Amino acid sequence: MLNCYQFKHFISRYLDEEISFKDRHAFEEHQQTCPICQTLLTNIRRNREALQNLPSIGVSENFMFNLRNRILADRNARLQRALHQGFSLSKVPSFAYGFAVALLAVVVGFVILQSQSANEPSYLPPPVVQQKINQPRPSPAEPARNLPSPPARQYTSTQSQTVPTDTVSETAPEPANHYQDNFQDKIRTVKDQR
Amino acid sequence: MMQERFKFTDEELIARFQAGDEGAYEEIVGRYADRLMNFAYRFVLDREEAEDIVQDTFLKVYQNRHAYKEIAKFSTWIYTITGNLAKTVLRKRRNRKLFFFSRLNPEEEKETEFPAPERTPAEQLEGKIDERLIQQAIVKLPEHFRTVIILRDIQDLSYEEISNITSAPLGTVKSRINRARIHLQAELEHLRGTR
């Protein structure tokens with residue numbers, strides 16, 4: 001069985017029918033034995049009914065008209081504000097500042113790297129090429145390798161193309177001399193190997 | 001239960017309004033204006049202030065239409081806005097009163113009390129509660145009790161809805177409603193005794 005304190009705790013649940021069967025039984029049992037709690041329950045029930053029966057208060061007739069005016073006024077005020085204020089730093093979102101700083105850091109870093117690479121000598125070939133260059137040349141004592149012999153026809157043709165200097169025109173193509181130089185080098189190499 | 005009469009639910013209407021349908025907004029206003037007015041009036045007990053609160057509520061709905069996400073019921077959202085605005089009005093009024101009272105003598109302060117309404121013999125006989133008396137008792141309740149008792153007994157909202165509007169756990173809402181009813185009964189007895 002409930003005491004008066006517990007009874008008070010269950011009043012609203014009892015009125016709203018949100019009480020379990022067991023608690024309802026105990027509640028009603030106490031209600032029958034305690035006239036003070038019974039009066040309290042009756043009063044609260046009556047208050048609840050009075051609240052539910054309170055007349056509904058509606059909005060005035062020109063409510064919608066006033067509301068439309070307020071919406072229009074608010075819209076105009078926003079437009080005016082936007083037109084008059086123009087650009088201000090306060091409107092820039094905070095993440096934009098972060099982005100700008102990051103971009104600046106990237107640009108500065110790029111410029112620094114560029115200046116450093118400009119100070120270094122740029123005529124040095126890459127390390128792989130340098131290694132090839134530094135390799136010792138084969139000595140003449142070593143046995144001759146199976147080097148591919150230069151094409152005979154080309155060799156002879158190159159040899160036979162001895163053009164007198166006076167007949168060489170000034171507009172003679174440069175690659176011809178270059179071709180001859182290359183073959184001269186090759187001839188020297190083959191002779192060294194022998 | 002109320003939405004059965006309507007073609008669209010509140011959530012569908014606000015979705016249409018978010019998509020740019022102004023007619024949907026007007027329908028929302030039509031549905032909620034009186035309900036919110038009743039809620040605000042019982043809260044602040046002043047018709048003009050209550051209407052201002054409701055207008056502000058709809059203006060906020062218009063401005064912040066995209067803030068509503070369909071994770072909660074639309075009614076919960078709009079009642080929360082109205083409740084917050086009503087609390088702001090009460091706070092301002094209290095501050096004004098404090099400022100005003102600080103300039104008054106204690107004797108003058110007593111004159112600002114509510115005049116006790118007369119109760120007819122027929123009402124006394126029936127045990128019927130005068131509307132003004134009960135309204136006075138509601139106004140005298142602490143804010144958190146007032147909110148839940150209006151939402152539950154006048155607006156007929158469920159415990160779950162009240163829990164969402166007040167952002168209080170369900171158990172807290174249940175016990176708060178119970179204490180609010182007991183408190184209201186005590187206020188009414190007090191008011192009857194002062195007559």
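Quick caveat: nothing in here was measured; it's all calculated off a predicted structure. Below, chain A is the first sequence line, B the second, and so on; all start at residue 1.
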**Prompt:** Side chain, backbone, both or neither: which part of A:E18 has an atom under 4.5 Å from a heavy atom of chain B?
**Reply:**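 Side chain of A:E18 only, per the 4.5 Å heavy-atom cut-off to chain B.
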**Message:** Please identify which of these residues, B:R94, B:K87, B:R176, meets the salt bridge (charged side-chain N to carboxylate O under 4.0 Å, His left out) condition with B:E143.
**Reply:**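 Answer to the salt bridge (charged side-chain N to carboxylate O under 4.0 Å, His left out) test with B:E143 among B:R94, B:K87, B:R176: B:R94.
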Name the member of [options] that forms the most heavy-atom pairs with chain B at distances under 4.5 Å.
options                    : answer
A:D74, A:L15, A:I11, A:D16 : A:D16
A:R13, A:Q52, A:R48, A:H9  : A:R48
A:L40, A:I44, A:N53, A:L54 : A:L54

Max heavy-atom pair count under 4.5 Å with chain A, selected residue of [options]:
options                       : result
B:D34, B:I154, B:L184, B:N178 : B:N178
B:Q155, B:Q63, B:R47          : B:Q63
B:Q55, B:R42, B:E51, B:R179   : B:Q55
B:I150, B:L36, B:D56, B:I177  : B:D56

Region of [X] in contact with chain A, defined by heavy-atom distances below 4.5 Å:
X      : value
B:V54  : both
B:Y159 : side chain
B:E48  : neither

**Item:** Parallel, tilted or perpendicular: ring planes of B:W77 versus B:F74, cut at 30 and 60 degrees
**Value:**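 Geometry flag for B:F74 against B:W77: tilted rings.
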**Request:** Please step through side chain to side chain donor-acceptor pair (under 3.5 Å) for the pair B:Y62 and B:E22, ending with a clear verdict.
**Result:** CA-CA 10 Å; B:Y62 190 91; B:E22 296 266 334; 3.0 Å; yes
**Message:** Regarding B:E189 and B:Q185, do their side chains bring together a donor and an acceptor under 3.5 Å, going by distance alone?
**Reply:**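 Result is yes, a qualifying pair exists.
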**Asked** Does the gap between the ring centers of A:F27 and A:Y14 come in under 6.0 Å?
**Response**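 So the answer is yes for these two rings.
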**Request:** Give a yes/no verdict on a cation-pi contact between B:R35 and B:Y32, requiring under 6.0 Å between NZ or CZ and the six-membered ring centre and an angle within 45° of the axis.
**Result:**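 Here B:R35 passes the 6.0 Å and 45° test against B:Y32.
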**Spacing of B:I149 atom CD1 and B:I138 atom CD1 [to the nearest 0.5 Å]** =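 Nearest 0.5 Å value for the CD1-CD1 distance: 7.0 Å.
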**Message:** If hydrophobic clusters are built by linking Ile, Leu, Val, Met, Phe, Trp and Tyr wherever their side-chain heavy atoms come under 4.5 Å apart, do B:I182 and B:V148 end up in the same one?
**Reply:**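 No, B:I182 does not connect to B:V148 through the hydrophobic network.
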